[in-house]
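Notes follow once the structure below has been shown.
Residue indices begin at 1 and follow the sequence shown.
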Amino acid sequence: MYWKVFTEANTPEKAKKVLKRVVDKMAVTHSNESVEPYHKGGFVCTFEITSNAQNWSEVVIESLSLAQRVGRGWVLYGNIENEIDAWSNESSVSGVQNIHLVVENA
């Protein structure tokens, strides 16, 4: 699962604090964390979560369950049988403007 969190933070340190709140709310172990300036202002934080699910259906449920912990009003794009491409403009974590989730069926 590849996540992008778009923040209103004005420094990398503040963006990292926002990212920590997101990950803490998900209650997961993550990897490949990065914080980069976003061309429209603020910062974009990216990270990955590895699923332990045994099949695609379980990955879908796990991904959407995690998404619900940190956002509402998710919009799904593409074909759910092959990938999850989800976007939320309604984060439940302070300091987050948008969240993007991508999971591919390997």
Side-chain angles (χ1 to χ4, degrees):
M1 290 175 229
Y2 182 75
W3 297 81
K4 285 187 177 182
V5 176
F6 298 84
T7 73
E8 301 169 334
N10 54 15
T11 67
E13 294 76 22
K14 289 180 181 177
K16 286 180 184 181
K17 287 180 182 179
V18 172
L19 177 57
K20 182 177 179 347
R21 287 196 301 266
V22 169
V23 173
D24 287 351
K25 191 159 189 176
M26 289 177 158
V28 294
T29 302
H30 69 290
S31 62
N32 298 329
E33 177 181 308
S34 73
V35 175
E36 302 290 332
Y38 185 54
H39 70 278
K40 293 184 178 181
F43 287 82
V44 60
C45 306
T46 60
F47 64 98
E48 293 180 40
I49 298 172
T50 301
S51 175
N52 293 321
Q54 300 299 313
N55 60 56
W56 179 244
S57 297
E58 291 175 2
V59 171
V60 171
I61 295 296
E62 179 184 21
S63 300
L64 295 178
S65 294
L66 289 173
Q68 286 183 324
R69 292 181 192 178
V70 294
R72 300 175 294 280
W74 286 92
V75 177
L76 298 174
Y77 298 95
N79 182 345
I80 196 82
E81 293 179 11
N82 298 318
E83 72 173 350
I84 299 170
D85 187 346
W87 184 270
S88 174
N89 294 327
E90 300 178 38
S91 174
S92 59
V93 179
S94 178
V96 175
Q97 291 178 310
N98 314 95
I99 306 172
H100 186 212
L101 164 64
V102 174
V103 185
E104 294 181 355
N105 187 0

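Closest heavy-atom contact between Trp74 and Ala86: CE3-CB, 3.6 Å. Across all their heavy atoms, Gly71 and Ser92 have their closest contact at N-OG, 3.8 Å. Listed here is the closest heavy atom pair of Val96 and Ser91: CB-OG, 3.3 Å. Residues Ala9 and Ala15 approach most closely at CB-N, 3.4 Å, considering heavy atoms. Phe47 and Val22 make their closest contact through CZ-CG1, 4.3 Å (heavy atoms, listed as atom of the first residue, atom of the second, distance).
Residues Leu64 and Trp87 do not share a hydrophobic cluster, clusters being chains of Ile/Leu/Val/Met/Phe/Trp/Tyr side chains in contact below 4.5 Å. Note: the hydrophobic cluster containing Leu76 also contains Val60 (ILVMFWY, side chain heavy atoms under 4.5 Å, direct or indirect links).
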*Step by step, would you call Val5 with Val93 a side chain to side chain contact (heavy atoms under 4.5 Å, CB included)?*
CA-CA 10 Å; Val5 176; Val93 179; over 6 Å; no
*Decide side chain to side chain contact (heavy atoms under 4.5 Å, CB included) for Val44 and Thr7; before the verdict, give the C-alpha distance in whole Å, the side-chain angles of both, and the deciding distance to 0.1 Å.*
CA-CA 6 Å; Val44 60; Thr7 73; over 6 Å; no
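For the atom pair Gln68 CD and Ser88 OG, the distance stands at 10.5 Å (nearest 0.5 Å). Atoms CZ and CD, on Phe43 and Glu8 in that order, are 13.0 Å from each other to the nearest 0.5 Å. Put simply, CH2 on Trp56 and CG on Asn82 are 8.0 Å apart, with the number rounded to the nearest 0.5 Å.
Not counting sequence neighbours, Lys17 has no partner by the side chain to side chain donor-acceptor pair (under 3.5 Å) test. Listed by chain and number, the residues in a side-chain contact (heavy atoms from CB on, under 4.5 Å) with Ser51 are Met1, Ala53, Val59, Glu62 (sequence neighbours excluded). Partners of Asn52 according to the side chain to side chain donor-acceptor pair (under 3.5 Å) rule, which considers only residues two or more places apart in sequence or in another chain, do not exist here. Residues forming a side chain to side chain donor-acceptor pair (under 3.5 Å) with Lys20 (at least two apart in sequence, or on another chain): Asp24. Residues forming a ring pair (Phe, Tyr, Trp, His ring centres under 6.0 Å) with Tyr38 (at least two apart in sequence, or on another chain): Phe6. Every residue two or more places apart in sequence or in another chain that forms a side-chain contact (heavy atoms from CB on, under 4.5 Å) with Ser65 is listed here: Ile61.
You'll find the side chain of Asn10 reaches within 4.5 Å of the side chain of Lys14, heavy atoms only. Counting heavy atoms from C-beta outward, Lys4 and Cys45 have side chains that stay 4.5 Å or more apart. With a 4.5 Å cut-off on side-chain heavy atoms, Leu66 and Trp3 count as touching.
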Check: residues 26-35 side-chain donor-acceptor pairs under 3.5 Å, at least two apart:
{"residue": "His30", "atom": "NE2", "partner": "Glu33", "partner atom": "OE1", "Å": "2.7"}
{"residue": "Asn32", "atom": "ND2", "partner": "Glu48", "partner atom": "OE2", "Å": "3.1"}
{"residue": "Ser34", "atom": "OG", "partner": "Thr46", "partner atom": "OG1", "Å": "2.5"}

Under 3.5 Å, side-chain donor or acceptor atoms of residues 97-106 against the rest of the protein: list the pairs with distances, not counting sequence neighbours.
{"residue": "Asn98", "atom": "ND2", "partner": "Asn89", "partner atom": "OD1", "Å": "2.4"}
{"residue": "His100", "atom": "NE2", "partner": "Asp85", "partner atom": "OD1", "Å": "2.7"}
{"residue": "Asn105", "atom": "ND2", "partner": "Glu81", "partner atom": "O", "Å": "3.3"}

